[in-house]
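Just so we're on the same page: letters track the sequence lines, and every chain starts at 1. All values reported here derive from a predicted model rather than from experimental measurement.
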Amino acid sequence: MAWTRDQMAARAAKELKDGFYVNLGIGIPTLVSNYVPENVDITLQSENGMLGVGPFPYDNEVDADIINAGKQTVTEVKGTSYFSSADSFAMIRGGHIDLSILGAMEVAENGDLANWMIPGKMVKGMGGAMDLVAGVKRVIVTMEHVSKDGASKLLDKCTLPITGKKVVDMVITEFGVFTIDKHGAPGVTLVELADGVTVDEVKAKTKAKLTIA
Amino acid sequence: MANKVYKDAKSALDGLLKDGLMLMCGGFGLVGIPDKLIQAVRDSGVKNLTCVSNNAGIDGAGLGLLLDTGQVKKMISSYVGENKTFAQLYLAGKLEIEFNPQGTLAERVRAGGAGIPAFYTKTGVGTQVAEGKETKVFDGEEYVMERGLFGDIALVKAWKGDKSGNLVFRKAARNFNPIMATAARVCVVEVEELVEVGQLDPDHIHTPAVYVQRIFCGAPYDKKIEQRTVRKA
């Protein structure tokens, strides 16, 4: 049995360390906040200009002026601060955020990431993704291992236009956990297998240079 | 002191609008967008506008109003996902779009307002965004040069303002507003509450009055929510 989306999020949450400032993308990354380990205190940053993002509000607490970067209504926590978009990205680009967890369409063995456009399809824009992957200290991708048509999303080289060059440190898929040394030799290292998944299965579905730890 | 106070959006924009202007618009999604000013720009009928704004509104709200009427020639934005009219206009070749990474967009505006014509950033290096742009290596790492942005009119929404133009923003409605306010020849601001000079705590002012040329109270506001997301009681 490969991991579910929630199991992938729970695994990503194990990478959180006490005191971390973290930016979570949309989709599986958002679920990570449900699995923050006990005794680990993290502060969520939202690139629209909020540090200290709380859970979704109860119906009677909704405030139209408090949203996250996904435009969802959220709440404050003790110690929340607000700031301009320029300050928000100074924080991101300047390396003050410890960890970014985000989704991807493709990741290459050298750490290249593609998640913002498919040529020929309507492009919605990159939002803050390029700034996050370029500036945040550590980048973890959570994604499905293969695309809907069965092609590996963990590749020797991205086929789609990239969001960042040599930016990904770790990839978590339904099959397991993979690390990339983005400053070293290209290659993906399988460091943890999901329950019931075999190494051969991972090998068959990975189109990147794969090392088994 | 010169009077900066106007009675409404239409009078605050009087004499400023013409075809082909570059408008610097505050807001993120529908939060902190200059609603009343956008409506007044729509009603004025000016065309061929370039709008610098993180998003393009949604159908029937925010900058979506100016897209519906075909008044926008070009958008400089980071994400336009929520607007169907936008997609139709773009695919029909009736609208140009220049995508900027959100942080690059914010810094281009900040720099423009601060008198800085260009800067280097690592965001976008090795991607389509860097194509055709000058790059330079600092301390062994490659950076791409981006230009500052300075427009004709800034359209800004604040929470409170005093009659001299000092501004306070509310919560996540601050977003792009303070930087847009600095990056245009004329800055026009709508506020939820307009107070007398001296009533705002000087330590709590986010945008000092020097940046603001015109201000009006746009209340009452019906704040729209794009993604109302709640948890169960």
Select one option (side chain, backbone, both, neither) describing which atoms of [X] are under 4.5 Å from chain B's heavy atoms.
X	value
A/N68	backbone
A/V123	both
A/M50	neither
A/T163	backbone
A/I67	both
A/E47	both

| request: Fit a plane to each ring of A/H145 and A/F175, take the angle between them on a 0 to 90° scale, and name the class: parallel (under 30°), tilted (30 to 60°) or perpendicular (over 60°). | output: tilted

Which residue out of [options] racks up the most heavy-atom pairs below 4.5 Å with chain A?
options	value
B/T123, B/L30, B/N83	B/T123
B/A233, B/A106, B/A172	B/A172
B/S77, B/G124, B/G81, B/P178	B/G81
B/I225, B/I179, B/N175	B/N175

Tell me, side chain or backbone of [X] under 4.5 Å from chain A's heavy atoms, or both, or neither?
X	value
B/R170	both
B/N177	neither
B/V80	both
B/F169	neither

For this session: Verify, without hydrogens or angle tests, whether B/E142 (side chain) and B/T135 (backbone) share a donor-acceptor contact under 3.5 angstrom.
Result: no

Where the side chain of B/T127 meets the backbone of B/V129, is there a donor-acceptor pair that is under 3.5 Å apart?
yes

Exactly one candidate in B/T50, B/I76, B/L149 meets side-chain contact (heavy atoms from CB on, under 4.5 Å) with B/M24; the answer is B/L149

Cationic tip of A/K124 above B/Y79 ring, under 6.0 Å, 45° of axis = no

| task | Would you verify whether the NZ or CZ of A/K14 falls within 45 degrees of the ring axis of A/Y35 while also being under 6.0 Å from that six-membered ring's centre? | result | no

Interatomic distance, CD@B/E146 vs CD1@B/I116, rounded to 0.5 Å, equals 14.0 Å

Check: B/I38 and B/L66 side chains under 4.5 Å, non-hydrogen atoms = yes

Looking only at A/G127, A/G128, A/A90, most heavy-atom pairs under 4.5 Å shared with chain B are made by A/G127

Checked A/G164, A/S46, A/G49, A/P55 vs chain B; the most non-hydrogen pairs under 4.5 Å come from A/P55

